[in-house]
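Right, one structure below, let's go through it.
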Amino acid sequence: MESLRFLSPKEIDDIRIEFGTPVFVYDEATLRENARTLKAFPNAFGLKPRYAMKAAPTAAIIRIFNQEGLGIDASSAHELERAIRVGFGTESISLSTQQMPENFRVWVDEGVSMNLCSLNQIKIFAKICPGGAVGLRFNPGLGSGGTNRTNVGGPASSFGIWKGDLEEARKLCKEGNLEVTRIHTHIGSGSDPEVWKKVAGMSLDIVKEFPDVLSLNLGGGFKVGRMRGETSTNLGEVGGPVKTAFEEFAAESGRELLLELEPGTFLVANACSLVAKVQDVTSTGEDGYRFLKLDAGMTEILRPSLYGAQHPIILLPEDRETPTAREMEQVVVGHCCESGDLLTPSDGDPEALATRMLPEGQVGDSCVIEGVGAYCSAMSAKNYNSFPEAPEVLRREDGSFALIRKRQLLDQILDNELIP
Ligand SMILES: *Cc1c(COP(=O)(O)O)cnc(C)c1O
């Protein structure tokens with residue numbers, strides 16, 4: 001049987017009793033350690049680390065990163081407001097959004113930095129804030145996301161200003177009297193130092209075209225291995241070549257650039273586990289499958305259904321006294337009336353079902369899904385089948401458990417409905 005990443009079987013029993021299932025459990029020690037690792041990223045002339053809060057935006061989580069001295073990368077004005085309410089200073093927030101808020105001028109005046117992500121955004125900004133300082137997000141033409149749906153660079157990605165439109169972007173900024181002080185490329189660089197070196201080089205080539213740029217933002221997208229045996233990004237290793245590239249750029253141009261980074265996944269992915277329960281077991285016969293049905297599913301974790309993402313699944317018998325059940329191939333599914341609500345898709349292919357070797361599951365067993373800190377609670381099919389949003393709990397550094405988001409009530413689901 002696979003071992004648990006940070007919870008003990010005893011803690012899982014306690015969590016079930018105190019909070020019920022399904023429940024997300026975050027580990028404060030891991031969150032803080034990841035923040036410190038990020039702050040130690042090799043850099044030549046300074047580093048501004050931020051947390052891409054769309055990965056997990058709960059107040060208690062972003063408060064921890066605030067205490068650790070990280071800034072925020074917000075992807076909408078709503079996220080920005082959430083960060084401010086938790087105590088982030090506007091000057092620590094960078095907004096890179098696919099949808100410019102109507103009132104963005106207010107935020108710019110308050111000190112939020114904006115990364116303009118399209119030619120149209122430059123036009124809008126220039127009209128409302130002529131003479132302002134901006135960042136520009138470019139798509140350098142290269143991407144390395146794991147799947148089509150996680151790729152955020154290259155010709156199939158809509159994010160950022162296409163590299164071929166650089167001249168047009170420069171012209172629009174000039175016309176609007178905008179000072180370009182930051183360049184941003186977020187392509188999902190993975191864990192390969194060679195790719196990081198290449199991305200840094202391509203991004204520095206863009207910086208060359210903008211003489212007022214003071215900082216280069218390489219985004220996030222650091223690969224994190226969720227399954228055992230998968231590699232995670234070693235920041236020291238990928239940061240070395242980046243640092244060298246900045247130093248070489250400085251030697252050539254006399255410009256000492258600040259490095260900005262804004263990972264989401266890296267900071268939170270493996271800092272959270274979902275504790276769920278097997279609430280039914282069905283089978284499609286000898287030539288079919290044995291299905292374990294959880295009391296959680298796409299209402300908590302959409303990544304398997306969207307990307308064919310693989311997460312560790314650990315089954316713990318309800319009755320610890322009985323000898324450990326024999327292992328067999330089983331399919332783990334969620335609780336929604338939806339065939340796509342599948343927790344064991346084929347690797348990278350959400351269309352295909354796969355099995356997992358797990359102890360023969362029984363109704364009542366605990367089922368822990370790990371590596372669910374990033375883009376799970378934050379990106380679920382919330383309220384589908386009218387299941388309430390699951391609670392979130394923080395395991396404090398002293399080992400105690402604190403509720404950081406309550407289980408949603410039916411009344412809250414219905415709150416905005418009106419019958420005319
Ligand atoms: C989502 C996002 C990130 C974080 O990406 P991860 O893969 O979670 O590290 C960083 N920057 C921008 C602009 C983003 O949209």
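Atoms within each ligand, like the ligands themselves, are counted from 1 in listed order.
When only modelled atom types and interatomic distance are considered, H311 and R303 share a side-chain donor-acceptor pair under 3.5 Å.
Ligand-side atoms of ligand 1 in range of R137: 13 (C), range being under 4.0 angstrom from any heavy atom. The contact set between ligand 1 and E262, taken as ligand atoms under 4.0 Å from a residue heavy atom, comprises 3 (C), 4 (C), 10 (C), 11 (N), 12 (C), 13 (C). Near G264, with a cut-off below 4.0 Å to any heavy atom, the atoms of ligand 1 are 4 (C), 6 (P), 8 (O), 9 (O). Of all atoms in ligand 1, numbered sequentially from 1 with element shown, those under 4.0 Å from a heavy atom of G220 are 9 (O), 10 (C). Proximity to D73 (heavy-atom distance under 4.0 Å) selects the following atoms of ligand 1: 10 (C), 11 (N), 12 (C), 13 (C), 14 (C). Every atom of ligand 1 with a heavy atom of H184 under 4.0 Å away is listed here by number and element: 13 (C).
Closest to atom 14 (C) of ligand 1, if we only count protein heavy atoms, is K54 NZ, 2.9 Å. Counting protein heavy atoms only, atom 4 (C) of ligand 1 is closest to A52 CB, 3.4 Å. In terms of protein heavy-atom proximity, atom 8 (O) of ligand 1 is nearest to Y375 OH, 2.5 Å. For atom 5 (O) of ligand 1, the closest heavy atom belonging to the protein is H186 CE1, 3.3 Å.
Looking at N270 and R5, their side chains come closer than 4.5 Å, going by heavy atoms from C-beta outward. The side-chain heavy atoms of C376 and L302, taken from C-beta on, include no pair separated by under 4.5 Å. Side-chain contact between S203 and L218 is present, with at least one heavy-atom pair separated by less than 4.5 Å.
Aromatic ring orientation, F222 versus W196: perpendicular (interplanar angle above 60°, classes split at 30° and 60°).
Checked by atom type and distance alone, the side chain of E230 pairs as donor or acceptor with a backbone atom of R226 at under 3.5 Å.
An N or O contact shorter than 3.5 Å links T265 to ligand 1 by distance.
Put simply, part of G221 is less than 4.0 Å from ligand 1, judged by heavy atoms. Residue contact check for ligand 1: F159 places no non-hydrogen atom closer than 4.0 Å to it.
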### Task
Could you walk me through whether E262 and Y51 pass the side chain to side chain donor-acceptor pair (under 3.5 Å) test, one step at a time?
CA-CA 5 Å; E262 48 184 28; Y51 168 51; over 6 Å; no
#### Entry: Test side chain to side chain donor-acceptor pair (under 3.5 Å) applied to T58 and E392, step by step
CA-CA 9 Å; T58 311; E392 294 182 315; 2.5 Å; yes
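E389 has no carboxylate O lying under 4.0 Å from a charged side-chain N of K406, or vice versa, which leaves the two without a salt bridge.
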